[in-house]
Amino acid sequence: MALPPNFMPLFRASLIGLGLGCSALALAASAQDAPEAETQAQETQGQAAARAAAADLAAGQDDEPRILEAPAPDARRVYVNDPAHFAAVTQQFVIDGEAGRVIGMIDGGFLPNPVVADDGSFIAHASTVFSRIARGERTDYVEVFDPVTLLPTADIELPDAPRFLVGTYPWMTSLTPDGKTLLFYQFSPAPAVGVVDLEGKAFKRMLDVPDCYHIFPTAPDTFFMHCRDGSLAKVAFGTEGTPEITHTEVFHPEDEFLINHPAYSQKAGRLVWPTYTGKIHQIDLSSGDAKFLPAVEALTEAERADGWRPGGWQQVAYHRALDRIYLLVDQRDEWRHKTASRFVVVLDAKTGERLAKFEMGHEIDSINVSQDEKPLLYALSTGDKTLYIHDAESGEELRSVNQLGHGPQVITTADMG
């Protein structure tokens, strides 16, 4: 029995004991009290297909598992990473933001750092596993996945367990703009950046870097990092030899603390980095050098005096075409910048003008935004284990996707649009 081509629910996961990499599960419900024509009129296409599949299974027909494919990725495809509160085995949920449904899942190890190509052509992560699940011999590796089949296209082992194991921070693992190289962060015993050739499917080398962190690529052989003294380091590396490192001016004092999760658009070359108080630094890296734009304030003086501050895990998002900044905020005590927020302020990135302030209706830990003309605002609640999907212009909640693992934290999107 072949399912109709419009039946697209997809769940990809390991089936322990069966040795399968993934499977498609059809969930059926039968309507016993209503006439068949009336029932079918009320059903969605997916529900009708599931009911038909259940009837065939009950009759002993077509009980072999099959693998379905996801739709081609678009600007509204979104990935939600669940580090599962530091579990040794984790998941990444692949979600159709337009339909509001999970279309697949990818397994990961301990504290994976996901990345997605700007054109959506592949997904990858740097991850870690242990031979005895949560103990034993450690292996660090990079996996690359096809966005339609969700099958791995590359599995690259990293030597000497070099990956820095830290809570999942965007831009601690990055792709160069051409999508050919993955860069990952290390901090033991000193800062370094690992270089992985995705085309050649091989680890290349470690680059010694200054006391700096995060990785913002601007060219196939160049990236910027934020340094403890308040400057950016520009790191130019070739195929071999010592990288050439230069520093920009200091753009903020050491006692002005920046959040750990900035927003960065490689296509625009725009780095958006809020402080704990809601001051937002913006750096234009599009020329290959750092141009510091005037900082803007997301909160008014009265709001700051009343205890309003940014807060959450992934607190800021940037829309490239609209040149808008989205920032999670709420009233909170000082030093509670990791706690969830109930509001998002929307700013014109050029002028700093506030365009909107949305009441999200939930405790939100992370946000991101699709890059199409009429963008969606993704709002992830770790406590609810739910991705809430809003209209980014009005703030209206459109739909939601729940049951996203144990402790979902990070939203990743492609810079398509």
Side-chain angles (χ1 to χ4, degrees), residues 11 76-87 89-106 108 111-114 116 167-170 259-263 274 276 278 298-299 307-319 324-333 335-346 356-370 375-413:
F11 297 84
R76 296 190 164 191
R77 167 79 69 90
V78 58
Y79 301 90
V80 171
N81 180 258
D82 175 23
H85 306 299
F86 293 87
V89 178
T90 58
Q91 294 174 317
Q92 180 156 244
F93 295 89
V94 185
I95 295 171
D96 181 339
E98 176 62 28
R101 61 180 179 177
V102 174
I103 55 175
M105 292 160 57
I106 297 170
L111 295 172
N113 280 91
V116 59
T168 304
Y169 289 81
I259 67 172
N260 286 329
H261 304 267
Y276 284 16
L299 299 168
W308 285 86
R309 296 180 177 87
W313 187 256
Q314 192 176 349
Q315 301 173 18
V316 64
Y318 174 72
H319 191 278
R324 288 183 183 174
I325 298 169
Y326 300 79
L327 183 67
L328 270 173
V329 298
D330 211 328
Q331 289 178 293
R332 56 171 43 84
D333 294 333
W335 309 118
R336 293 184 59 83
H337 49 280
K338 293 295 186 185
T339 56
S341 295
R342 296 169 298 152
F343 299 85
V344 169
V345 292
V346 185
K357 183 177 182 180
F358 301 145
E359 161 64 77
M360 303 304 288
H362 310 276
E363 297 284 337
I364 300 302
D365 296 87
S366 297
I367 58 172
N368 210 327
V369 64
S370 66
L376 298 175
L377 175 62
Y378 302 114
L380 179 63
S381 172
T382 300
D384 295 348
K385 304 175 183 62
T386 297
L387 180 71
Y388 299 100
I389 302 173
H390 295 249
D391 184 303
E393 295 284 345
S394 67
E396 177 189 0
E397 183 180 322
L398 304 175
R399 46 198 166 268
S400 63
V401 185
N402 61 11
Q403 302 183 60
L404 298 178
H406 300 281
Q409 277 190 310
V410 173
I411 309 169
T412 308
T413 60

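Hydrogens, waters and symmetry mates play no part in the numbers below; they use all other heavy atoms, side chains included.
More than 12 heavy-atom neighbours from other residues, nucleotides or ligands sit within 6.0 angstrom of NE2 on His85.
A side chain to side chain donor-acceptor pair (under 3.5 Å) with Ser341 holds for exactly one of Arg309, Gln315, Arg332; it is Arg332.
With a 4.5 Å cut-off on side-chain heavy atoms, Thr412 and Asn81 do not count as touching. Within the 4.5 Å cutoff, the side chain of Leu387 has heavy atoms near those of the Ile389 side chain. Taking the side chain as every heavy atom from C-beta outward, Glu363 and Asp384 never approach each other to under 4.5 Å. Looking only at side-chain heavy atoms (C-beta outward), Gln403 and Lys385 stay at 4.5 Å or farther from each other. In this structure, the side chains of Met360 and Leu377 come closer than 4.5 Å at one or more pairs of heavy atoms. Between Glu98 and Arg399 there is a side-chain heavy-atom pair separated by less than 4.5 Å. Looking only at side-chain heavy atoms (C-beta outward), Asn260 and Lys338 come within less than 4.5 Å of each other.
The backbone N or O of Ile411 sits less than 3.5 Å from a side-chain atom of Gln314, completing a donor-acceptor pair. Distance alone, capped at 3.5 Å, places no donor-acceptor pair between the Thr90 side chain and the Ala84 backbone. A donor-acceptor pair under 3.5 Å is absent between the side-chain atoms of His319 and the main chain of Val369, judged by distance alone. Judged by distance alone, with hydrogens and angles left aside, the side-chain atoms of Asp365 form no donor-acceptor pair with the main-chain N or O of Trp313 at under 3.5 Å. Thr168 places a side-chain N or O within 3.5 Å of a backbone atom of Pro112 that can act as its donor or acceptor partner. Side chain of Thr382 to backbone of Pro408: a donor-acceptor contact under 3.5 angstrom is found. Formation of a donor-acceptor pair under 3.5 Å by the Asp330 side chain with backbone atoms of Phe343 is not found in this model.
The minimum heavy-atom distance between Gln92 and Pro114, with the atom names listed, is OE1-CB, 3.2 Å. Annotation for Pro83 and Gly407: closest pair CD-O, 3.6 Å, computed over non-hydrogen atoms. In this structure, Tyr388 and Ser400 approach most closely via the heavy-atom pair CD2-CB, 3.7 Å. Between Leu380 and Gln409, the shortest heavy-atom distance links the atoms CD2-C, 3.5 Å.
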Q: List the steps, then state whether side-chain contact (heavy atoms from CB on, under 4.5 Å) holds for Val410 with His261.
A: CA-CA 10 Å; Val410 173; His261 304 267; 5.7 Å; no
Q. Could you walk me through whether Asn368 and Val78 pass the side-chain contact (heavy atoms from CB on, under 4.5 Å) check?
A. CA-CA 9 Å; Asn368 210 327; Val78 58; 6.0 Å; no
Q: Starting from the C-alpha separation in whole Å, work towards a yes-or-no answer on side-chain contact (heavy atoms from CB on, under 4.5 Å) for Val401 and Val102.
A: CA-CA 7 Å; Val401 185; Val102 174; 3.6 Å; yes
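In this structure, Tyr276 OH and His337 NE2 are separated by 3.0 Å, a value rounded to the nearest 0.5 Å. Taken to the nearest 0.5 Å, the CG atom of Leu327 stands 6.5 Å off from the CD1 atom of Ile367. To the nearest 0.5 angstrom, Thr413 atom OG1 is 12.0 Å from Ile95 atom CD1. For the atom pair OH (Tyr378) and CD1 (Ile364), the distance works out to 14.5 Å, reported to the nearest 0.5 Å. We find the CD-CG distance between Glu397 and Asp391 to be 12.0 Å, quoted to the nearest 0.5 Å.
Between Tyr326 and Arg324, the side chains place no donor N or O within less than 3.5 Å of an acceptor N or O (distance only, hydrogens not considered).
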